[in-house]
Amino acid sequence: MDFSAASVARRRFLAFGMPVALALTLAGAPLEASAAPVVYLDHGHPVRERVEDLLARMSLDDKIGQMVQPERRSIEPADVARFRIGSVLSSGGSAPSPNNARSWADMYDGYQRAALGTPLRVPMMYGVDAVHGHNNVVGATIFPHNIGLGATRDPELVRRIGAATAEEMTGTGADWNFAPCVCVVRDDRWGRTYESFGEVPGLPSAMTTVIEGLQGRSLGDGPTSVLATAKHFVGDGGTDGGDDQGDMRVPEAELRAVHLPPFREAVRRGVGSVMASYSSWNGVKLHRNRYLITEVLKRELGFTGFVVSDYNGIDQIDGEPGFTRAEVAAAVNAGIDMVMVAQRWREFIDDLRAAVQGGEVPMSRIDDANRRILAQKFRLGLFERPLADRRYLATVGGAAHRALARRAVAASQVVLKNDDDVLPLDRDDEKIFVAGRSADDIGRQSGGWTITWQGAPGATTPGTTILEGIRQVAGKGRTVTYAEDGAGVDRSYDVAIAVVGERPYAEYKGDRTDDLRLSGTDLKTIDRLRAADIPVVVVLVSGRPLDVTSELRHWDGFVASWLPGTEGAGVADVLFGDTAPSGRLPVSWPRSAAQEPINAGDGKTPLFPLGAGQPYEDG
Ligand code: GLC
């Protein structure tokens, strides 16, 4: 018979109901000196013991509450307590008002205090998409999107970006990041191309170092450890036509060779959660795919964290709007442990309870889901450090993180054309003309998932535009003239720089079924600069390669800048040669949209191959 304090406490609890001392503890009163410590509240016990002790105290409703994640706009702190909710999320752009770091910390603590006020005092987790910095928060450092980080080929830099992001999250309380996306983009028409580190599995696999940056060497390793999420499982980047949330129709061998390896690597690095993909594989929605979620991810890859659905992802299972009890059961039985039910979470709770009571979902599945979720909460240290750590508020948008971001921007620039060494800009170039809609626009250079879900043009958050960066790096002795449309350019200028590209977008709103060419406005701006008969350098700010084939011969220089984020000076660092260009293409650059999907090894001849990128002559 095991007479350890934990076991004695559990037997006393199970045999006689809740001992007074324990009830007092759970109600927040001090323990009587003689009472056995409550195992799950004692971080001296192994996680597994704490999980089992807590699970044994939980009712079915306690357990169901841990498995549902409402969106913040549809739940108040009082309901988090009443329904024993285990997690709340901010969907893209869903922020407190005013939107600043301190307001976020206050909001987080409000939900957390409610959760801690429940009888078992199980802390909640707060999920955000901090996919290129803590990007919902005005003033946060916005790092280059993943496609630019893939161009750096620098896993250690990416780890450091994860660590910086985790610090900024920690100051605001947010302790769960729905990142990294480890998708392998195979068709650049996909609206989430920029969320991919590259078109071959080796790139996202290498960049899973960001998980270590976010979580630490292991989850809970230090005060700024946050839970990371490898997403979207599996094959979201391989759908036909790049159709977001579409169907990936490939043999299992290709799924395993191309799309699974980054998840294997993420699991090896101890990622605490995985998000299921909206997409389908050979006609079966991932959100109901028990083979891939339970057999492959959990059993074959040995994933011991928990699987979260995508936002209202279970609604899509039967192809009809909304969700049914059958879809709830299908998703949970497939192996989804926590369900992101943004609005109709009360209905979900009722449906799942009924499904358990009706035998459609076994209690063993509910317990397994809770074991997985609770283990991450214990590992994260949430029971010991449940509230926002306001010591880190000062890191939000701080100089150190912005300097790191600027280095990442410079490292992500890919020089694809440099005739007559027009780059780096000559120290003696006295007069520089800058044009283009993406030259002086933080919103355009940051892209989607910035302050709002879709992102937006304009001065959406503090930062340095590419034009401001050019002015800073050019220094006082030079003339830098800017006109968005290029008006006023003439032969008196030594060089013209056209900063052009895409409007911000996210997810399916960014899917392109057109010709992937530059906009008419951008082409007109470039033509005006060319008419001045001076060298023209085009800097492309986009979430993917675009069709530049017919225009390229008229350009003297061409730089793929991707979506650099708030630190636009990093682009100027490369244009002026303060930083030598080292970026290399993370995707094949198509000659036209007709070549899509185009990937290394597929026998097609791109305009620029995967890995292309020029150094400067003298460097
Ligand atoms: C979105 C995205 C997913 C994100 C989630 C929560 O629809 O597909 O990447 O993490 O919802 O915002």
Side-chain angles (χ1 to χ4, degrees), residues 64 66-71 86-87 89 91-92 127 129 176 178-179 181-183 190-192 195 229-240 243-250 252 255 259-260 263 266 271 273-301 303 305-345 347-349 351-352 355-356 360-362 365-366 368-369 372-373 507-508:
I64 290 174
Q66 288 299 313
M67 295 174 65
V68 60
Q69 183 187 48
E71 209 281 334
S87 181
L89 86 136
S91 56
D129 294 276
W176 180 8
F178 303 132
C181 182
V182 294
C183 50
W190 186 34
R192 307 193 77 162
E195 295 187 64
T229 308
K231 70 183 186 181
H232 307 81
F233 187 80
V234 60
D236 51 341
T239 58
D240 275 17
D243 172 20
D244 188 41
Q245 307 182 11
D247 191 10
M248 177 172 76
R249 286 193 281 267
V250 301
E252 181 165 350
L255 181 149
H259 301 280
L260 197 59
F263 286 95
V271 71
S273 69
V274 167
M275 185 182 291
S277 178
Y278 282 123
S279 57
S280 303
W281 175 46
N282 293 339
V284 178
K285 277 283 180 185
L286 260 297
H287 274 66
R288 61 170 304 166
N289 196 313
R290 190 178 187 286
Y291 169 66
L292 289 175
I293 295 176
T294 297
E295 298 306 319
V296 175
L297 175 64
K298 291 182 175 178
R299 293 205 177 125
E300 183 184 323
L301 268 57
F303 176 57
F306 68 89
V307 176
V308 61
S309 79
D310 204 332
Y311 182 99
N312 293 341
I314 64 170
D315 295 13
Q316 298 184 9
I317 288 174
D318 65 3
E320 299 299 324
F323 61 82
T324 62
R325 181 167 141 185
E327 285 174 299
V328 168
V332 173
N333 285 334
I336 289 179
D337 302 301
M338 186 185 292
V339 186
M340 201 183 285
V341 188
Q343 295 82 22
R344 297 166 51 197
W345 49 272
E347 192 179 327
F348 172 86
I349 289 170
D351 281 351
L352 183 52
V356 173
E360 296 133 56
V361 175
R365 179 74 272 275
I366 300 295
D368 174 46
R372 290 171 175 270
I373 293 165
E507 301 191 51
Y508 53 87

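Please read all numbers here as calculations on a predicted model, not as lab measurements.
Pairing each heavy atom of Asp337 with each of Phe306, the nearest pair is OD2-CA, 3.4 Å. Listed here is the closest heavy atom pair of Glu195 and Cys181: O-CB, 3.5 Å. Here the closest heavy-atom approach between residue Val234 and residue Met248 is recorded as O-CE, 4.4 Å. When all heavy atoms of Arg249 and Asn282 are compared, the closest pair comes out as CA-OD1, 3.0 Å. Closest approach of Ala329 to Glu360, counting heavy atoms only: CB-CB, 4.3 Å. When every heavy atom of Ser277 is checked against every heavy atom of His287, the shortest pair comes out as O-ND1, 2.9 Å.
No donor-acceptor distance shorter than 3.5 angstrom exists from the side chain of Gln316 to the backbone of Gly313, with no hydrogens or angles considered. Between the side chain of Asn312 and the backbone N or O of Asp315, no donor-acceptor pair lies under 3.5 Å. Counting only distance, with no hydrogens or angles, the side chain of Arg372 and the backbone of Gly305 share a donor-acceptor pair below 3.5 Å. Panel note: side chain Asp247, backbone Gly283; a donor-acceptor pair is recorded below 3.5 Å. Lys285 places a side-chain N or O within donor-acceptor distance of the main-chain N or O of Tyr278, the cut-off being under 3.5 Å.
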Apply side chain to side chain contact (heavy atoms under 4.5 Å, CB included) to Leu301 and Leu260, showing your working. CA-CA 10 Å; Leu301 268 57; Leu260 197 59; 4.2 Å; yes
Can Trp176 and Ser87 be said to form a side-chain hydrogen bond (donor to acceptor under 3.5 Å, both in side chains), step by step? CA-CA 9 Å; Trp176 180 8; Ser87 181; over 6 Å; no
Do Asp318 and Phe323 pass the side chain to side chain contact (heavy atoms under 4.5 Å, CB included) test, and can you show the C-alpha distance, the side-chain angles, and the key distance before you say yes or no? CA-CA 8 Å; Asp318 65 3; Phe323 61 82; over 6 Å; no
Would Val307 and Phe233 count as a side chain to side chain contact (heavy atoms under 4.5 Å, CB included) here? Give the steps. CA-CA 9 Å; Val307 176; Phe233 187 80; over 6 Å; no
Please lay out, stage by stage, how Glu507 and Tyr311 fare under the test side-chain hydrogen bond (donor to acceptor under 3.5 Å, both in side chains). CA-CA 12 Å; Glu507 301 191 51; Tyr311 182 99; over 6 Å; no
Would His232 and Asp310 satisfy side chain to side chain contact (heavy atoms under 4.5 Å, CB included), going step by step from the backbone distance to the final call? CA-CA 8 Å; His232 307 81; Asp310 204 332; 3.5 Å; yes
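Atom OG in Ser280 sits 9.5 Å away from atom CG in Asp243 (nearest 0.5 Å). Atoms CD1 and CD1, from Ile317 and Ile336 in turn, are 6.0 Å apart once rounded to the nearest 0.5 Å. Distance CD1/Ile314 to CE/Met340: 11.5 Å, rounded to 0.5 Å. Note that the OG1 atom of Thr294 and the CG atom of Asn333 stand 9.0 Å from one another [nearest 0.5 Å]. Taken to the nearest 0.5 Å, the CD1 atom of Ile293 stands 11.0 Å off from the CZ atom of Arg288. Within the model, atoms CZ of Phe263 and CG of Leu292 stand 10.5 Å from one another, a figure rounded to the nearest 0.5 Å.
Two residues are said to be in side-chain contact when any heavy atoms from C-beta on lie closer than 4.5 Å; Glu71 and Trp345 fail this criterion. The closest side-chain heavy-atom distance from Arg290 to Glu295 is below 4.5 Å.
Put simply, the residue from Val328, Val332, Val361 that forms a side-chain contact (heavy atoms from CB on, under 4.5 Å) with Asp351 is Val328.
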